[in-house]
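Have a look at the structure below, then the notes.
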Amino acid sequence: MSNILAHPIGQSLILPFSVSILCSFLIQSLLNNERGTRWAVLAIAAGALASYVAILGLPPFPPRVSSQKFFYIVVFATLVGITLKPSRKLSTRTLFFPTALVVVTWFAIPTLTWRYPETFVPPILLMAVWLVTLQQFDRLGDRGLLGIFVLIFGATGIAITAGLGNSASIAQVALAIAAAAAGFCFLVWRNHQFRFDRLAIFTGVVPLLALISQLILFGGAPIFAMLPLLALLFVDQAVAYTFPSWKGSTLAVGMICLLPLAITAALALHFEASNDPYGHLPVTPIAHGTSEG
């Protein structure tokens, strides 16, 4: 077991996949079918956190660098998904803005300074990406496992770009999110009771957005290479618009997600081969002096 946890593949693939399947099975077994299926999505966060601890260890509190903040963001997002129940006055989408504001601001604080007003631009753009992403995943709630497929492909794309951008730890954690989501998907496959609801959004999507925030604010990946991944959020709408009469399955639409992923991989390889500085988001002067993990 120690040999597995010492190897990157074991840390970022085998461990989160196994933890996710085990937790999903236990939750579904201990709770009734409908409630168990809904709460089993917590296994995605469990798998990601287990992998994080295996890779980077248990972070101190309070955290000082972005890599340490990630652990507590996953815990925070999971607690939000569990405790806050949407009502007529508090909808699911109402929770998105404060979540994006809190997380992005917490990440960006070391880079912000009034001496360089341009340092406020990346956080503002990031918040827009957060809101669009969270709202699109909320719309996928009635599409069964398609939301999980998009999450898996998105996390894989982030892992590829981070790995080629020499951000090995972020690449491993992104792979862990993809593996944990795959483990959950494996157990609830063809379970029509599952819906990609608020709980799934906060336990699966928020951690991935946190990794994207790290890469954009502190560098370590070709930002332009990640842009095609935004197409994953609209793939079902694009298919429905292009082929109005096509009644493709969720699996078929999910396989179409391979196209944006392939484009991302190709662009990441191109930027890595050419070492193009414009493939990375320019880092502000204050960020150059910030020690971030």
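All heavy atoms count here, side chains included; hydrogens, waters and symmetry mates do not.
- Put simply, the side chain of V150 reaches to within 4.5 Å of the side chain of F137, judged on heavy atoms.
- Looking at L215 and S167, their side chains come closer than 4.5 Å, going by heavy atoms from C-beta outward.
- With a 4.5 Å cut-off on side-chain heavy atoms, L261 and I160 count as touching.
- Y72 places a side-chain N or O within donor-acceptor distance of the main-chain N or O of P59, the cut-off being under 3.5 Å.
- No side-chain donor-acceptor contact under 3.5 Å links R139 to the backbone of F234.
- Between F218 and F107, the ring planes are perpendicular. Angles over 60° get that label, and only those under 30° would be called parallel.
- For S51 (side chain) and G47 (main-chain N/O), no donor-acceptor pair under 3.5 Å exists by modelled atom type.
- Checked by atom type and distance alone, the side chain of T264 pairs as donor or acceptor with a backbone atom of A225 at under 3.5 Å.
- Hydrophobic cluster membership differs between V121 and I212, with clusters built from Ile, Leu, Val, Met, Phe, Trp and Tyr side chains linked at under 4.5 angstrom.
- Within the 4.5 Å cutoff, side-chain heavy atoms of L217 are placed close to those of P123.
- The nearest pair of heavy atoms linking F153 to L229 is O-CD2, 4.4 Å.
- One N or O on the side chain of Q68 and one on the backbone of R64 form a donor-acceptor pair closer than 3.5 Å.
- The side-chain heavy atoms of I82 and L199, taken from C-beta on, include a pair separated by under 4.5 Å.
- No chain of hydrophobic side-chain contacts below 4.5 Å, direct or via other Ile, Leu, Val, Met, Phe, Trp or Tyr residues, connects L126 to V102.
- Looking at F70 and L56, their side chains never come closer than 4.5 Å, going by heavy atoms from C-beta outward.
- The side-chain heavy atoms of L79 and F76, taken from C-beta on, include no pair separated by under 4.5 Å.
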